[in-house]
Amino acid sequence: MTKARQRPHPVLAGLQGRCPNCGEASMFAGFLRIADRCPACGFDLKAADSGDGPAVFIILIVGFVAVFGALFSEMSFDLSPWIILVIWLPIAAVLCLALLRPFKGVLVALQFHHKAGELRNDDF
C-alpha cells in the first residue's frame, strides 16, 4: 500500500517560494513573476493572483519599522533630519525588497490552500 504524499504547509512553502502543491520547485519564474507551471510536479500556477495584498502588508510593516526607527534616532541621538533620511530610507527600501517575494509566496500558497479564486458575476 502506498502512502499518499502530504502537501507542504502553505506558509512555509510560500516563505521559501516553493510550489504550494509539492514544495519542491520554485513557484517564481522571476523576482516576482509566478511561473505558469511547477517544473517538478506540473501544478498549474497560472490562476495565482495575489494582487496588491503583499504590497499592503509590506507598506504597513516596513512603515512601522522605519517610522519607529526614525523617531527613535531623532529622540535618542538628536540627529538632523537629513541624516535620519540617509539612514532610514535605504533601510526601508531594502526591507521592502527583501520581504516582498516571501509575502507574495505566502499569499499565493494560501490562495491555493484555501482554493480561492476570483469572484465573477456568474458566481451568483
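In this text the structure is predicted, and so the values were computed from the model without any measurement.
A distance of 6.5 Å separates CD1 of Ile58 from SG of Cys96, quoted to the nearest 0.5 Å. For the atom pair Asp78 CG and Ile84 CD1, the distance stands at 8.5 Å (nearest 0.5 Å). Once rounded to the nearest 0.5 Å, the distance linking CG of Leu95 with CG of Leu100 reads 12.0 Å. In this structure, Cys19 SG and Phe28 CZ are separated by 11.5 Å, a value rounded to the nearest 0.5 Å. Atoms CZ and CE, from Arg18 and Met27 in turn, are 10.0 Å apart once rounded to the nearest 0.5 Å. A distance of 5.5 Å separates CZ of Phe77 from CZ of Phe72, quoted to the nearest 0.5 Å.
For the pair Asp36 and Leu45, the minimum side-chain heavy-atom distance is 4.5 Å or more. In this structure, the side chains of Trp88 and Ser73 come closer than 4.5 Å at one or more pairs of heavy atoms.
Closest heavy-atom contact between Glu24 and Ala40: CB-CB, 3.9 Å. The two residues Phe43 and Arg7 have their closest heavy-atom pair at CE1-NH2, 4.5 Å. Pairing each heavy atom of Cys41 with each of Cys38, the nearest pair is N-SG, 3.5 Å. Heavy atoms only, all atoms of each residue included: Arg101 and Ser26 are closest at NH2-OG, 3.6 Å.
With hydrophobic clusters built from ILVMFWY side chains whose heavy atoms lie under 4.5 angstrom apart, Leu85 does not share a cluster with Val67. By the rule that hydrophobic residues join a cluster once side-chain heavy atoms approach within less than 4.5 Å of another member, Val56 and Leu110 end up as members of separate clusters. In the hydrophobic clustering of ILVMFWY residues, with side-chain heavy atoms under 4.5 Å counting as a link, Val65 and Val62 come out together. No continuous path of ILVMFWY side-chain contacts below 4.5 Å connects Val94 to Ile59, so the two sit in separate hydrophobic clusters.
Within a 6.0 Å sphere centred on CZ of Phe64, other residues, nucleotides and ligands contribute 12 heavy atoms or fewer.
The one candidate from Val106, Val108, Leu107 that meets the side-chain contact (heavy atoms from CB on, under 4.5 Å) condition with Pro54 is Leu107.
Gln111 places a side-chain N or O within 3.5 Å of a backbone atom of Asp49 that can act as its donor or acceptor partner. A donor-acceptor distance shorter than 3.5 angstrom exists from the side chain of His9 to the backbone of Val11, with no hydrogens or angles considered. With Lys104 contributing its side chain and Ser50 its backbone, the two residues share no donor-acceptor pair below 3.5 Å.
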For this session: Apply side chain to side chain contact (heavy atoms under 4.5 Å, CB included) to Ile87 and Leu79, showing your working.
Result: CA-CA 10 Å; Ile87 293 171; Leu79 298 173; 4.2 Å; yes
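Taking the six-membered ring for Trp and thresholds of 30 and 60 degrees, Phe57 and Phe103 have ring planes inclined between 30 and 60 degrees apart.
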